[in-house]
Amino acid sequence: MSERSPEPQTVLLRRGEVHSPADPFATAMVVERGQVAWVGSEGAADAFADGVDEVIDLDGALVTPAFTDAHVHTTATGLALTGLDLSGAPTLEAALDLVRAFAAARPDDRVLLGHGWDSARWPGGRPPTRAELDAATGGRPLYLSRIDVHSAVVTTALLDLAALSRVDGPLTADAHHAVRAAALGAVTPAQRAEAQRAALAHAASLGIGTLHECAGPEISSEDDFTGLLRLAAEEPGPRVVGYWAEQDVAKARELGAAGAAGDLFVDGALGSHTACLHQPYADAGHTGTAYLDAAAVAAHVTACTEAGLQAGFHAIGDAAVTAVVEGVRAAAEKVGLARVRAARHRIEHAEMLTPETIAAFAEFGLTASVQPAFDALWGGEDGMYSARLGAERARSLNPFAALLRAGVPLAFGSDSPVTPLDPWGTVRAAAFHRTPEHRVSVRAAFTAHTRGGWRATGRDDAGVLVPGAPADYAVWRTGDLVVQAPDDRVARWSTDPRSGTPGLPDLTPGRDLPVCLRTVVGGRTVFVRPGE
C-alpha cells in the first residue's frame, strides 16, 4: 500500500462518474469524518471547494463503493503471493520444475510451502508422487496444497514431522489437517505478518475495502487469527471481519470473531472428491465425506442464535447442503424462526442446490456466500465439475439467478488463495456464467460483491455511496459505462443516459477489466496507484 493518510480527511472528488443510487448522474462526492457527506453534480460541487482538506480531480474516472470479498484466507493468500504458486503450471513436469527451483532459492526455510496444483488440468491427470517431491526438494519438508485446499501432497520429511505414517497419494481429512498444522507451525510470527501485509496490500490495490477472514483450528491457528485482526486494526488497510470455524461459541467470542462460522466443514470439495453427495461421483465409487450431520448443525445454530452470534458452515455437495437445511430447520423449531432469520446465518460455497434447498435458504434468511470464479475455473462441458459429476449434474451448480429470484441474500468472494482476489473478474464470472440460466445482471453481481458482503455481517447501511454511509470507495480507470437491465440473461447493454440507472463498466469477456487508481477505507487512503 502507498500514500496512506493517517486520519480521515474532508475530501471533494469531482469531474468523474460516481456510482450512487442517491443520484444516478452524480459526478462529484464529498467525504467527511470517514463518511460520505454528499453526492451530486459538478455544478454544485463548487460550494464545497473551499471547505475541504483536499480536492481530487477524477479526470473522468469512475468512483464506486469498495468491494467486499466475503471469503478469504488472508495468511494463506499472502504466502501464495510471496511463495510457491503452482496454479499456472500446465503439466506435472512443469510443477516439479517449479518445486525444484523454489527449494533451491529458499535454502533456509524450515518447511517449503506451495499451493495451487490441479492435476485435473494436467495431461495424465495425476498429482506428483511423494518420491518425486522428495527428489525435487532434496528430502526437505514440503507442503503443497491442491487448488481447493482440501487435499495436499507432501514429502516424507513432512510426514515424519507430523508423526504420520509414510502413505502415498494426496492427503485428505484428518491427515491433511495434521500436515497442514505441521507446515504452518514452522512459519515464524514475522513471516506470518509479512504474508498478511502482502495479502492486505494486494487486496487494497484491487479496490477491495473489506475482507471476511474465514479461519479456524483446522485451517490456521488462534495466533494467526488474532494477529491478523490486530494488524488490520492497527495499520491502515482493508477492514477485516473475522469468522472462526469451531463449534465453541465462547471461543469464537473470546477471539473477537463476528461468528462461529466460515469454514466449519460439513463436507470437503469436489476436486478432492470430499464434497458430500447424495449420489456417487461419476469418476469415483463413493459419495464423498461428511464431517457434520443435521443434529450437529442444529446444535450449533441453536447455540449461536441464543448467544447472538452468526453461525455458518462450509457446504458444497448436495447431501451436505441438505444436512445444513435440516439442521437449521430443527434449530428454528427450537428457538423460533424469527430469531434464526434475524441472526443472518451464512453458508459458504453452497454449490449443489435444489429448488427445495434454495427455498429453505430463503425461508431461514440464510446468506449464500458464494464464489463465481469457481464456475469460471471448473465449469463447462469439459471442466472439472463435469468430470466429477457428469454433465447433467455439473450444469446445476452455482445457480445464482435462482438464488436471487428466491430472495436469498448473496455475498460474493474468492476463497483466496483457491481462486485469486479479483473483484471485477468475479462480477464478470457471475454475469457470464458458463450455464446461461444461472447468469445474473452485472448490476446484481456488483451489488452482491459490495453491499452483499456488508449485509452478510448485519450492516445494511454500507457498501453504497450515499450520505451517511462509510467512506469505503475505489476510483477506477475504465472504458465506457453501460447499463444492464436486472432481468437480462445475455448481457444486453444500453448507454442511454435517460435510464436513470448508475452505469457500470462493460465486462463482456475479452474486454479489459477496470484498473484501480485509489482505494479508500473509512476515509483513509490505503492505496494509490503509482503515477496517479
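These values consider heavy atoms only, across backbone and side chains, with no hydrogens, waters or symmetry-generated copies.
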Return yes if some donor-acceptor pair links the side-chain N/O of Trp122 with the main-chain N/O of Ala89 below 3.5 Å, else return no. yes
In this structure, CD of Glu93 is separated from CG of Leu98 (nearest 0.5 Å) by 12.0 Å
Positive for side chain to side chain donor-acceptor pair (under 3.5 Å) with Tyr243, one of Gln310, Glu348, Glu213: Gln310
Check: His115 and Leu86 side chains under 4.5 Å, non-hydrogen atoms: no
side-chain contact (heavy atoms from CB on, under 4.5 Å) evaluation trace for Thr289 with Thr172: CA-CA 10 Å; Thr289 305; Thr172 61; 6.0 Å; no
Step by step, work out the side chain to side chain donor-acceptor pair (under 3.5 Å) result for Thr419 and Ser414. CA-CA 6 Å; Thr419 62; Ser414 63; 4.9 Å; no
Heavy-atom side-chain proximity of Thr210 to Pro238 below 4.5 angstrom: no
Does the plane of the ring in His273 sit parallel, tilted or perpendicular to the ring in Tyr281? Use 30° and 60° as the thresholds. perpendicular
May I ask you to decide if Ser220's main-chain N or O and His73's side chain share a donor-acceptor pair within less than 3.5 Å? no
Side-chain donor/acceptor of Glu132 to backbone N/O of Thr129, under 3.5 Å: yes
Search all heavy atoms of Ala429 against all heavy atoms of Pro372 and return the closest pair with its distance. CB-O, 3.6 Å
Is Asp248 paired with Lys251 through a side-chain N to carboxylate O contact shorter than 4.0 Å? no
Count the heavy atoms of every other residue, nucleotide or ligand shown that sit under 6.0 Å from CG of Asp168, and state whether that count exceeds 12. yes
Could you tell me whether the side chain of Asp283 reaches within less than 4.5 Å of the side chain of Met384, counting heavy atoms only? no
May I ask you to decide whether Arg395 forms a salt bridge with Glu437, counting only side-chain N to carboxylate O separations under 4.0 Å? no
Side chain of Glu234, backbone of Leu231: donor and acceptor closer than 3.5 Å? no
Compare all side-chain heavy atoms of Thr77 with those of Leu421 and state whether any distance is below 4.5 angstrom. yes
Regarding Arg239 and Asp472, does a basic nitrogen lie under 4.0 Å from an acidic carboxylate oxygen? yes
Does any donor atom in the side chain of Thr357 or Thr354 lie under 3.5 Å from an acceptor atom in the other side chain? yes
Lys/Arg N to Asp/Glu carboxylate O, Glu218 vs Arg180, below 4.0 Å: no
Identify the two heavy atoms, one from Leu112 and one from Thr137, that lie closest to each other, and give their separation to 0.1 Å. CD1-CG2, 4.0 Å
Closest approach of Gly317 to Leu277 (non-hydrogen atoms, all atoms of both residues): CA-CD2, 3.9 Å
Go through the steps to decide whether Arg130 and Arg166 satisfy the test side-chain contact (heavy atoms from CB on, under 4.5 Å), and finish with yes or no. CA-CA 9 Å; Arg130 179 160 55 92; Arg166 295 183 173 184; 3.7 Å; yes
Give a yes or no on whether a salt bridge exists between Glu194 and Arg197, defined as a side-chain N under 4.0 angstrom from a carboxylate O. no
Look at the side chain of Arg434 and the backbone N and O of Trp378, then say whether any donor-acceptor pair between them is shorter than 3.5 Å. no
Is the distance between the ring centroids of Phe313 and Tyr291 less than 6.0 Å? no
Can you tell me how the ring of His314 sits relative to the ring of Phe265, calling it parallel under 30°, perpendicular over 60° and tilted otherwise? perpendicular
Is it true that the side chains of Asp223 and Ser221 contain a donor and an acceptor less than 3.5 Å apart? no
Close side-chain approach of Cys304 and His300, heavy atoms under 4.5 Å: yes
Can we call the ring centroids of His438 and Phe400 under 6.0 Å apart? no
Between Val526 and Ala204, what is the shortest heavy-atom contact and its length? CG2-CB, 4.0 Å
Does some side-chain heavy atom of Ile208 sit less than 4.5 Å from a side-chain heavy atom of Thr68? no
Gap between atom CE of Met352 and atom CG of Asn398 - 0.5 Å precision: 10.5 Å
Would you confirm whether Thr155, through its side chain, and Arg140, through its main-chain N or O, come within 3.5 Å as a donor-acceptor pair? yes
I want to check something: taking the side chain as every heavy atom from C-beta on, are Leu270 and Leu397 in contact at a cut-off of under 4.5 Å? yes
Counting N and O atoms only, with roles assigned by atom type, does the side chain of His449 sit under 3.5 Å from a partner on the main chain of Thr426, one being a donor and the other an acceptor? no
So how far is it from His212 NE2 to Asp69 CG, rounded to the nearest 0.5 Å? 8.5 Å
Heavy-atom pair of closest approach, residues Ser386 and Gly380: OG-O, 3.1 Å
Begin from the C-alpha positions of Asp267 and Thr274 and carry the test side-chain contact (heavy atoms from CB on, under 4.5 Å) through to its verdict. CA-CA 6 Å; Asp267 68 344; Thr274 52; over 6 Å; no
Quick check on the 6.0 Å ring-centre criterion: do Phe67 and Phe446 meet it? yes
Determine whether more than 12 heavy atoms belonging to other residues, nucleotides or ligands lie under 6.0 Å from atom CG of Asp512. no
Neighbour count >12 (heavy atoms, 6.0 Å) for atom CZ, Arg511: no
Give a yes-or-no answer on whether the side chains of His278 and Asp318 include a donor-acceptor pair shorter than 3.5 Å. no
Give a yes or no answer on whether the side chain of Arg344 reaches the backbone of Arg455 with a donor-acceptor pair at less than 3.5 Å. yes
Has His150 got a side-chain atom pairing as donor or acceptor with His176's backbone, closer than 3.5 angstrom? no
Contact between Val154 and Leu142 at the side-chain level, heavy atoms closer than 4.5 Å - yes or no? no
Mind listing the closest non-hydrogen atom pair of Arg100 and Asp97 along with its distance? NH1-OD1, 2.8 Å
Please report the C-alpha distance between Thr367 and His345 in whole Å, then the side-chain angles of each, then the deciding distance to 0.1 Å, and finally whether the side-chain contact (heavy atoms from CB on, under 4.5 Å) criterion is met. CA-CA 6 Å; Thr367 294; His345 303 307; over 6 Å; no
Could you grab the distance from atom CZ of Arg110 to atom CG of Leu161, nearest 0.5 Å is fine? 8.0 Å
Please round to the nearest 0.5 Å and tell me the distance separating atom OG of Ser272 and atom CG of Asp148. 3.5 Å
Using only atom types and a distance under 3.5 Å, with no angle test, would you say the side chain of Ser145 pairs donor to acceptor with the backbone of Ala152? no
Could you grab the distance from atom CG of Leu164 to atom CG of Leu158, nearest 0.5 Å is fine? 8.5 Å
